Amino acid sequence: MLQSILFVPGGLPQYGVNVTTLLVPLFAIQALANRLIPSNTAYRDLQYNMALALSSAYHSGIVVCVAFWALYGAGFGTPNLYDIAWFAVSYALVALVQMEVDLALLALAKQIGRRGSGRSCRQPLMGMLPLITTMAVGAPVLLKRCIRFC
């Protein structure tokens, strides 16, 4: 944001689009996780299908937000709908890789927990930092490349 303010003030709307596109799905999966997972659950105690469901929900939310902003900015024309579909397909490939990383991190946490060093893995699930970090790494790059508003 500081970079936009200092160097390219006209880029602040795009910054807002990118931030909301990443945060709205994040808040949605937080609400979903709060409803489905007990608050005292350790990250390593999370089931693989639950981690996959949360990751899928996050990535689906990103695609929905991108579609919303693209439709809001460019309308329902055929070229825009084609661009949205192309983004969804290309982002699905990235999401698959990120979901595999999420599952690998969960498997690693479970393995470490089995070895008896559970102290580092027994933190409450609150933020699921490794999962959220891997989900958020690739999204800004794709958003910047795939959405054209200006």
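A quick note: this is a predicted structure, and the numbers were derived from the prediction, not measured. Hydrogens, waters and symmetry mates are skipped; everything else that's a heavy atom, side chains included, is used.
When the side chains of ILVMFWY residues are joined at heavy-atom separations under 4.5 Å, either directly or via intervening members, Y15 and V24 end up in two distinct hydrophobic clusters. L108 and V97 fall into different hydrophobic clusters, where Ile, Leu, Val, Met, Phe, Trp and Tyr residues are linked whenever their side-chain heavy atoms come under 4.5 Å apart, directly or through other members. A chain of hydrophobic side-chain contacts below 4.5 Å, direct or via other Ile, Leu, Val, Met, Phe, Trp or Tyr residues, connects Y91 to L22. If you chain together hydrophobic residues whose side chains sit under 4.5 Å apart, I37 and L103 fall into the same group.
In this structure, the side chain of S60 engages the main chain of S56 through a donor-acceptor pair within 3.5 Å. In terms of modelled atom types and a separation under 3.5 Å, the side chain of N80 and the main chain of A70 share a donor-acceptor contact.
Stacking of K110 on the aromatic ring of Y43 is not recorded, the 6.0 Å distance cut-off and the 45° axial limit not both being met.
A search for side-chain contact (heavy atoms from CB on, under 4.5 Å) contacts involving A88 returns V63, not counting sequence neighbours. Residues passing the side-chain contact (heavy atoms from CB on, under 4.5 Å) test with L23, sequence neighbours excluded: V19, L26, F27. Residues passing the side-chain contact (heavy atoms from CB on, under 4.5 Å) test with A57 are I29, L32, sequence neighbours excluded.
Rounded to the nearest 0.5 Å, atoms CE (M50) and CG (D45) are 13.0 Å apart.
Taking 4.5 Å as the limit, some side-chain heavy atom of W69 sits within range of a side-chain heavy atom of T20. Side chains of M99 and L52 form a contact here, defined as non-hydrogen atoms less than 4.5 Å apart. In this structure, the side chains of V66 and V17 stay at 4.5 Å or more apart for every pair of heavy atoms.
Note: W86 and Y82 have parallel aromatic rings, judged against thresholds of 30 and 60 degrees for the angle between ring planes.
I62 and P25 make their closest contact through N-CG, 3.6 Å (heavy atoms, listed as atom of the first residue, atom of the second, distance). Across L46 and T41, no two heavy atoms sit closer than the pair N-CG2, 4.4 Å.
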(message) Apply side chain to side chain donor-acceptor pair (under 3.5 Å) to residues D102 and Q98 and explain how you reach the verdict.
(response) CA-CA 6 Å; D102 295 340; Q98 288 182 344; over 6 Å; no
